[in-house]
Amino acid sequence: VRLTKTEAVRKDLESASRVLNSIAQKENRPIKLYLNLNDDDLFQFPERAFELLGILKETGFKIWGIQTSLEGLSDQVLRNEIFDLFTTEALFVENRVLLWIGTDTFIDERLKRLGKSGNQELITQIVDDIDRFGIKGYHYWILTDADSRWPELVRELIYLSMLKEGYHGSFHVLPNAGSLVPYTGAPVYRRRLKNQQTDQIVLNRLLKFPGLPEFDYPIVAHERPSSSYLYASVEPRANVPESLLVNARELLDCIREGQFADALGLVLRIISCELRDIPDHPEIVELAAARDCII
């Protein structure tokens with residue numbers, strides 16, 4: 001959408017409208033011109049975003065939801081202008097304004113680590129504005145990465161619990177990834193190789209070209225934190241013995257349903273299990289502190 005010429009978008013929508021109208025007439029049922037704007041972030045290009053939203057309205061299409069990011073919503077003035085447009089113009093299905101936000105993480109150290117430009121203060125401001133304008137915001141969350149440790153996850157869950165309590169009807173979290181996917185061409189993948197963390201990169205398979213080993217290409221599934229208990233807690237596909245003791249889907253379901261107190265209770269139980277397993281491990285002090293933080 002961001003590269004297609006504006007008039008080409010208009011023509012495509014008009015063509016789609018004619019086809020859908022024809023189908024609706026043949027089947028004798030009402031037409032519903034709905035679409036979801038995803039895999040892009042129009043708000044990083046405000047002028048184009050407003051132009052395209054105008055075309056959608058002119059061609060009769062209603063928006064189901066719009067995908068965006070912290071970067072796209074970071075400017076306070078622009079954010080208020082966008083939200084005001086959303087809530088005063090009939091752009092969305094049933095006038096229910098819905099945003100899918102690629103927040104990915106909610107605490108400052110991980111935001112920096114994942115290359116995000118925002119911080120917790122910005123997230124709180126965005127969440128507050130979303131609620132003030134009567135919008136529903138669904139935040140994508142990558143729960144862990146190779147450098148994650150229990151104290152981070154605990155702090156993040158506590159922060160999410162506070163946001164959910166303060167903005168119950170408008171703040172929602174989608175735990176779309178248990179751990180980060182370090183795509184082979186991305187800087188994070190090269191960083192893992194440099195830091196000798198290859199054992200924390202989980203592969204689907206290695207794409208091999210017979211006789212040409214220099215072209216071997218790893219198809220990455222995801223990476224994993226160093227704690228097997230933490231990994232098993234967030235990744236349903238984790239192939240570690242600890243998966244017999246914990247149920248990742250249970251934790252993910254609690255988060256998806258906004259039940260953060262229950263999620264923290266599960267984490268408390270899992271940390272207690274790990275503490276029993278590593279009585280002499282150097283990380284025991286850190287784990288005990290995370291446990292006490294929940295309590």
Side-chain angles (χ1 to χ4, degrees), residues 1-2 6 9 13 32-108 110-111 114 116-142 156-176 255-261:
V1 173
R2 110 175 30 164
T6 306
V9 173
L13 291 174
K32 294 183 178 180
L33 299 177
Y34 298 167
L35 52 79
N36 194 65
L37 298 177
N38 56 291
D39 285 337
D40 206 337
D41 189 0
L42 288 179
F43 303 148
Q44 291 194 42
F45 305 88
E47 185 175 336
R48 181 171 175 78
F50 287 120
E51 190 174 7
L52 289 173
L53 290 172
I55 291 174
L56 289 175
K57 185 174 181 180
E58 291 167 15
T59 53
F61 277 84
K62 295 284 188 180
I63 303 169
W64 183 263
I66 295 181
Q67 184 173 332
T68 183
S69 65
L70 293 181
E71 290 83 355
L73 297 174
S74 61
D75 184 272
Q76 175 78 60
V77 175
L78 175 62
R79 189 165 69 242
N80 285 342
E81 188 176 353
I82 291 170
F83 290 177
D84 185 62
L85 175 70
F86 286 169
T87 52
T88 56
E89 299 288 337
L91 296 174
F92 285 76
V93 175
E94 297 178 356
N95 292 327
R96 171 193 43 78
V97 185
L98 175 63
L99 297 179
W100 314 101
I101 306 168
T103 309
D104 291 343
T105 184
F106 296 85
I107 55 176
D108 290 349
R110 289 197 71 224
L111 284 162
L114 298 186
K116 296 287 182 175
S117 61
N119 53 43
Q120 283 182 256
E121 182 180 0
L122 174 63
I123 291 172
T124 303
Q125 290 172 357
I126 290 172
V127 169
D128 185 74
D129 284 344
I130 286 173
D131 186 78
R132 182 162 54 88
F133 280 90
I135 296 170
K136 284 187 179 294
Y138 285 80
H139 298 257
Y140 294 116
W141 184 23
I142 301 172
E156 207 154 2
L157 282 170
I158 290 172
Y159 177 55
L160 291 172
S161 178
M162 292 169 60
L163 290 177
K164 188 63 177 177
E165 184 175 353
Y167 307 99
H168 183 79
S170 62
F171 178 74
H172 308 277
V173 178
L174 295 173
N176 60 304
I255 294 165
R256 191 174 289 107
E257 296 299 324
Q259 299 168 348
F260 293 105

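Position 1 is the first residue of the sequence; numbering continues from there.
Rounded to the nearest 0.5 Å, atoms CZ (F83) and CD1 (I135) are 4.5 Å apart. Atom CD1 in I126 sits 11.5 Å away from atom CG in L163 (nearest 0.5 Å). Distance check: H172 NE2 to I101 CD1 gives 10.5 Å after rounding to the nearest 0.5 Å. Taking CG of L73 as the reference point, atom CG of L122 lies at 8.5 Å (rounded to 0.5 Å). If you take CZ on R96 and NZ on K136, they are separated by 8.5 Å, rounding to the nearest 0.5 Å. For the atom pair L160 CG and H139 NE2, the distance stands at 9.0 Å (nearest 0.5 Å).
Pairing each heavy atom of Q120 with each of L111, the nearest pair is N-CD1, 4.1 Å. The minimum heavy-atom distance between L78 and G72, with the atom names listed, is CD2-O, 4.4 Å. Among all heavy-atom pairs drawn from G137 and I130, the shortest one is N-CG2, 3.9 Å. The shortest non-hydrogen separation linking D84 to T88 is O-OG1, 2.7 Å. Closest non-hydrogen pair, R48 versus V9, comes out as NH2-CG2, 4.4 Å. Between F43 and A49, the closest heavy-atom pair is CD2-CB, 4.2 Å.
Side-chain contact between I63 and L53: present, with at least one pair of heavy atoms (C-beta onward) separated by less than 4.5 Å. Contact check for I66 versus L42: no side-chain heavy atoms found under the 4.5 Å cut-off. Residues L85 and E81 fail the side-chain proximity criterion, which asks for heavy atoms closer than 4.5 Å. Considering only heavy atoms from C-beta on, K164 stays 4.5 Å or farther from V173 through its side chain. Contact check for L33 versus K62: no side-chain heavy atoms found under the 4.5 Å cut-off. With a 4.5 Å cut-off on side-chain heavy atoms, W100 and N38 do not count as touching. Under the 4.5 Å side-chain criterion, counting only non-hydrogen atoms from C-beta, R79 is not in contact with I82.
No more than 12 heavy atoms of other residues, nucleotides or ligands sit less than 6.0 Å from atom CD of E165.
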In sequence, state the C-alpha distance, the side-chain angles, and the governing distance for F133 and N80, and then conclude on side chain to side chain contact (heavy atoms under 4.5 Å, CB included).
-> CA-CA 9 Å; F133 280 90; N80 285 342; 3.7 Å; yes
Where do L56 and L91 land on the side chain to side chain contact (heavy atoms under 4.5 Å, CB included) test, with the steps shown first?
-> CA-CA 8 Å; L56 289 175; L91 296 174; 5.8 Å; no
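Judged by distance alone, with hydrogens and angles left aside, the side-chain atoms of S161 form no donor-acceptor pair with the main-chain N or O of L157 at under 3.5 Å. Remark: the backbone N or O of R110 is not paired with any side-chain donor or acceptor of K116 at under 3.5 angstrom. The closest donor-acceptor contact from the side chain of N36 to the backbone of G65 lies under 3.5 Å. Side-chain atoms of N176 come within 3.5 Å of backbone atoms of W141 as a donor-acceptor pair (strictly under, hydrogens ignored).
Ring-plane geometry between F260 and F171 is classed as tilted, the angle between the planes lying from 30 to 60 degrees on a 0 to 90 degree scale. Taking the six-membered ring for Trp and thresholds of 30 and 60 degrees, Y34 and W64 have ring planes inclined between 30 and 60 degrees apart. Classification of the F86-F92 ring pair by plane angle, with boundaries at 30° and 60°, yields perpendicular.
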